[in-house]
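Since the structure comes first, as structure tokens, the remarks are kept for the end.
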Amino acid sequence: MTAVEFTKLGQSAVAPVSARLAKKPVTLLQFARSAGRNMFEVIPAETLRETYVRGPLNIHYICDPEIITELLVGQGRSFPKAKFTKDIIGSAVGNGLILSEGEKWRQQRRRYSPLFAARNLPVLARHFAETGVEIADSLAEHEGPVDVAQIAPASTLTNISRVIFSGNKKVSSEQIRVGLIKYFEYISDLSLFDLMGLPKWVPRKNWLRSLAPVTNMRNLARQVIDQRRSECRSEPQDFLDFMIEALKTDFEDEATTVDNLLTFVVAGHETSANALAWGYYLLALHQDMQARVRQEIRSVRPKGLVEFSDLEAMPLLRAHVKETLRLYPSAAFFARDASADLEIKGVKIANGDALFFPVYSLHRNEKLWDAPDHYRPERFLASTLPRGQYIPFGDGPRICIGAQYAETEIMVLMASVLRRINFSITESEMPEPVLTFTMRTSGPLILNAERVRE
């Protein structure tokens, strides 16, 4: 489908809501103060127009696909995660896959890669589909204005309960729900001093808060792992079963197993939830595309649980999800610390420099994209993009291990809901994107939800 044909379908000329980046130079103190509240306030607006921007001190903002590829896949692939990233979330996810380095990371990556293999996704997709049907039933029964910024995380929270914490007689679903909500609130509260890189002995505001949300979740994780191991299921029925199966032939200490279970909980909840909320919003803005996506879904699976095998026959839905992750990447920013001197395309990087990858800016850079701020899912229907230009899940050896899991979860949930529910824009003010632990809405995202009449 050409851009002209797409326009004839009713593509709106109105660009969806965007983040406000820093239009003036930001001092180090301003950076630390603003970043804890909203990282977008410190990312230079020039990153939307230029593919490389030199920041203050030793900071590099990189939006050049070739430099990105060299740093993530080539010479810089072994550069470690930024220290401030470890300081921010280390207490919550420990030394699991997200933060571990070197041989410890390689062992974990090898150990857990099979969990996310395509052969396991049909089992997990059935759990996602059950949640999608429940959400659709609820919206159909209670038509009217809804906050999709609340519905979306409720969906992925339910999925986590189903694929990780299900079947535990000692732990109630409500216990899990409350525990997870408090846990996510805790890890999303960024420390100003961590962002400034101050020593760990300098007091943080989190020190005044109870560590209970993290402690409780770690205890819950240990409980469900121990109980599931004692059940000795003959066939894996969910994600936790696949995880325990992998550990039967590759030993790992209990603390690291808990770290990784919580890592998968964090990565599998917040990122998918944000993509769902923004995805519903984009379709509410573009009713013609929503109708076409719905028609595609219904032609493949008009009723019953959406299956993993159905997704291959939904290219338009997949293109919509990819365009959503272009405009609103959940992991809108990540960083590395250079561990060696390097020069790429004339850019000199010194050992110890901070390498910032503003994925949000990369995905909207006017030198790389046609109409970068506009919703055009046809970008992903037939063309192949240069490597390093579209990285919602990162790239290289440390590309998100759960990328296919996340895409499957988002597509199955959307397909289950959209075939029965139509979303439209209301008069409520649209929230802006804000970036803390992930990119989320600054407030309620109110859409109108109506049952689709047959």
Gln108 and Arg111, any side-chain heavy atoms less than 4.5 Å apart: yes
Check: Ser138 main-chain N/O paired with His142 side-chain donor or acceptor under 3.5 Å: yes
Residue pair Gln227, Glu231: steps toward the side chain to side chain donor-acceptor pair (under 3.5 Å) verdict: CA-CA 7 Å; Gln227 181 182 320; Glu231 292 178 11; 3.2 Å; yes
Strictly by modelled atom types, are [X] and [Y] linked by a side-chain donor-acceptor pair under 3.5 Å?
X	Y	value
Thr47	Ser361	yes
Asn274	Thr438	yes
Glu432	Ser442	no
Asn159	Thr131	yes

Near-ring test Tyr52/Tyr61, centroid separation under 6.0 angstrom: no
Phe356/Phe333 aromatic ring centres below 6.0 Å: yes
Minimum-distance pair of heavy atoms, taken over all atoms of Ala273 and Thr156: CB-OG1, 3.5 Å
cation_pi(Arg364, Tyr328) dist<6.0 Å, angle<=45: yes
Aromatic ring pairing Trp369/Phe380, orientation class (parallel under 30°, perpendicular over 60°, tilted between): tilted
Geometric class of the Phe264/Phe239 ring pair [parallel <30°, tilted 30-60°, perpendicular >60°]: perpendicular
Among Arg301, Arg126, Arg298, the one residue meeting salt bridge (charged side-chain N to carboxylate O under 4.0 Å, His left out) with Asp310: Arg301
Arg398 side, atom CZ; Lys81 side, atom NZ - distance, nearest 0.5 Å: 4.5 Å
